[in-house]
K.L.:
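This structure is in structure tokens; I'll ask about it shortly.
Positions are given from 1, in the same order as the sequence printed here. We count ligands from 1, going down the list as the structure has it; atoms in each ligand are counted the same way.
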Amino acid sequence: KLWKNLYMNAFENAVNAIPNVEGVLLAYNTNIDVIKYLNKDDLERRINQIGKERVFEVIKAPTERISSLEHLFGGILRSIKLGKAIEWFVENEEIRRYLREWGWDELRIGGQAGIMANLIGGVYRIPTIVHVPQNPKLQADLFVDGPIYVPIFEGKELKLVHPKEAVKEENELIHYIYEFPRGFQVFDIQAPRENRFIANADDYNARVYMRKEFKESFEKIAKGVELAIISGLQVLKEYYSDGTTYRDVLDRVESHLNILNRYGVRSHFEFAYTPNRLVREELIGILSKFTSVGLNEVELASIVEIIGDETLAKEVLEGHVFPIIDAINLLMDETGIDRIHLHTYGYYLALTKYRSEEVRDALLFASLAAAAKAMKGNIEKIDHVKDALSVPTNERAIVFEEELEKEFTEFENGLIDMVDRQLAFVPTKIVTSPKSTVGIGDTISSSAFVSEFAMR
Ligand code: 8BR
């Protein structure tokens, strides 16, 4: 009952406040997601043509990258066999041509910045500037209509236009996503659960390429926005074959953050899982330049491995609320960041250095957006978010709520006063049979960040 009312109020408050936001900047990763639903006969035919035995060898000895058809199909079969999400980079042009010809069932805008642009600009109708490393027609057409802009030079002047009005003959940065359902069978292999194999044919986002408008005119771009969301740094490697390193990219990111801070633009970093430990450590190091960070429990555990200890990291992974609270407090101690938003299956937490009910309302609004995304696969209008009010609130989170009430006597309406910090807790809406769970994390983080600063 309490949460039902809080949810309704939060939705109203967020929707009323969202038009106040003058502009959001989203950088850096945008690409094309190609989705193909695998077909047993087609797959078996293609594999038989290449030679089944050589493909099957790759299942046992994964190559982790694709430079031949054996690698491609071996990777796909390995993903099916393990029911695991696997992503390998496509190294040569011939295979890229093969993938393009193999075709697809659906095209979607991809990359965190690209996905968030269609939500924040397309659905919330907030003027949004998005970084597109390349802007070919195939990708530009995937942006919905609305106040979504890319900066372009016209002569020496910087202009903001919809990506469709700025199409160039540039590279198509494609992530080929091969989906299979649970029980999918090919030869004698059966998928224990639904999942996907991704063949990544995108050299630009892999190195966090920044286009010249952003390199040369970032200050002008920053002046036009109130909020910024940075993502896509999780792919960085220690070094590249041309002698450059992750440091070259991070130097540029830091210079962008300095400019954003100078203009009072609040910034959020979406901390996606970063496999390289050194890069992860360096990302923790630059968090102090951001206002806010968003992550899930797996990402939080991977951070605790560096700034805390193995025991706490393990407890965080198990999803219990007290170790997670300890971990986000530790992260705030280490970085001094003002806001940490943790989302996990069933509840969200936000630890902030300031006190405000809007923090909680923003989490509730984000939970509605997440449920809408789970239900529809793609949110097309704000009414989809409103419809999520009818999704039941997660019962299991109520147990955590009771534990919090016991521990913190002043716990009220999802807010806990922690002397110099505030902790907000909300049980989320859980959709029982989701259409898709791709991109829900980005939807949660961006909806909460943008709506909180709209309301405050
Ligand atoms: P990540 O991609 O960052 O892990 O975020 C996924 C988030 O989506 C989870 O933390 C969870 O809160 C949310 N989610 C998932 Br997964 N399934 C959901 C569902 N069926 N309904 C609502 N939210 C869901």
Side-chain angles (χ1 to χ4, degrees), residues 3 7 10-11 29 33 83-85 87 108 110-116 119 175 177 179 182 193-196 198 229-235 268-275 280 283 292-303 316-321 324 327-328 340-350 360 362-379 384-398 400-401 414 424-449:
W3 288 110
Y7 261 109
F11 178 78
N29 54 337
D33 277 351
K84 213 177 109 176
E87 177 166 347
R108 282 190 214 142
Q112 291 147 307
I115 292 170
M116 291 191 264
L119 178 67
H175 297 208
I177 305 173
E179 300 230 20
R182 189 158 72 97
R193 52 164 292 183
E194 70 280 5
N195 223 318
R196 61 192 77 94
I198 303 178
I229 303 178
I230 305 296
S231 59
L233 305 182
Q234 66 274 7
V235 296
H268 173 90
F269 181 54
E270 195 51 21
F271 205 112
Y273 187 75
T274 307
R280 202 189 312 148
L283 292 179
S292 163
V293 61
L295 31 59
N296 67 19
E297 73 285 7
V298 180
E299 290 141 13
L300 182 61
S302 78
I303 289 176
V316 166
L317 271 184
E318 285 160 6
H320 281 284
V321 71
I324 288 185
I328 54 181
I340 300 175
H341 174 187
L342 177 286
H343 61 88
T344 185
Y345 196 86
Y347 68 89
Y348 310 153
L349 294 171
R360 177 206 56 217
L363 297 185
L364 292 169
F365 178 72
S367 164
L368 293 171
K373 176 95 180 160
M375 258 190 310
K376 311 270 176 189
N378 185 29
I379 306 173
H384 288 167
V385 180
K386 191 175 188 178
D387 291 345
L389 281 167
S390 64
V391 175
T393 305
N394 177 26
E395 288 289 335
R396 282 190 306 175
I398 305 300
F400 289 133
E401 193 186 350
F425 166 92
V426 309
T428 59
K429 305 269 179 191
I430 295 280
V431 175
T432 28
S433 34
K435 191 162 174 208
S436 154
T437 56
V438 181
I440 301 189
D442 305 331
T443 301
I444 295 168
S445 292
S446 60
S447 298
F449 177 68

K.L.:
Taking C-beta and beyond as the side chain, do F449 and M116 meet within less than 4.5 Å on heavy atoms?
P.N.:
no

K.L.:
Testing the 3.5 Å rule here: is there a donor-acceptor pair between the side chains of T428 and N394?
P.N.:
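No pair is found: no donor N or O on one side chain lies under 3.5 Å from an acceptor on the other.
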
K.L.:
Measure from every N or O atom of ligand 1 to the protein's N or O atoms and keep only the pairs below 3.5 Å, writing each with atom names and distance to 0.1 Å.
P.N.:
from     : atom 1 : to   : atom 2 : distance (Å)
ligand 1 : 3 (O)  : N296 : ND2    : 3.3
ligand 1 : 3 (O)  : H343 : NE2    : 3.4
ligand 1 : 4 (O)  : N296 : ND2    : 2.9
ligand 1 : 5 (O)  : G441 : N      : 3.4
ligand 1 : 10 (O) : H343 : ND1    : 3.0
ligand 1 : 12 (O) : T344 : O      : 3.1
ligand 1 : 20 (N) : V431 : O      : 2.8
ligand 1 : 21 (N) : V431 : N      : 3.0

K.L.:
Who are the ring pair (Phe, Tyr, Trp, His ring centres under 6.0 Å) partners of H341, not counting sequence neighbours?
P.N.:
Y348

K.L.:
When you measure from the side chain of R196 to the backbone N and O of I177, does any donor-acceptor pair fall under 3.5 Å?
P.N.:
no

K.L.:
Given the rule in the side chain to side chain contact (heavy atoms under 4.5 Å, CB included) test, do L119 and S446 qualify, once you have shown the distances and angles that lead to the verdict?
P.N.:
CA-CA 9 Å; L119 178 67; S446 60; 3.8 Å; yes

K.L.:
R396 side chain to G346 main-chain N or O, any donor-acceptor pair under 3.5 Å?
P.N.:
no

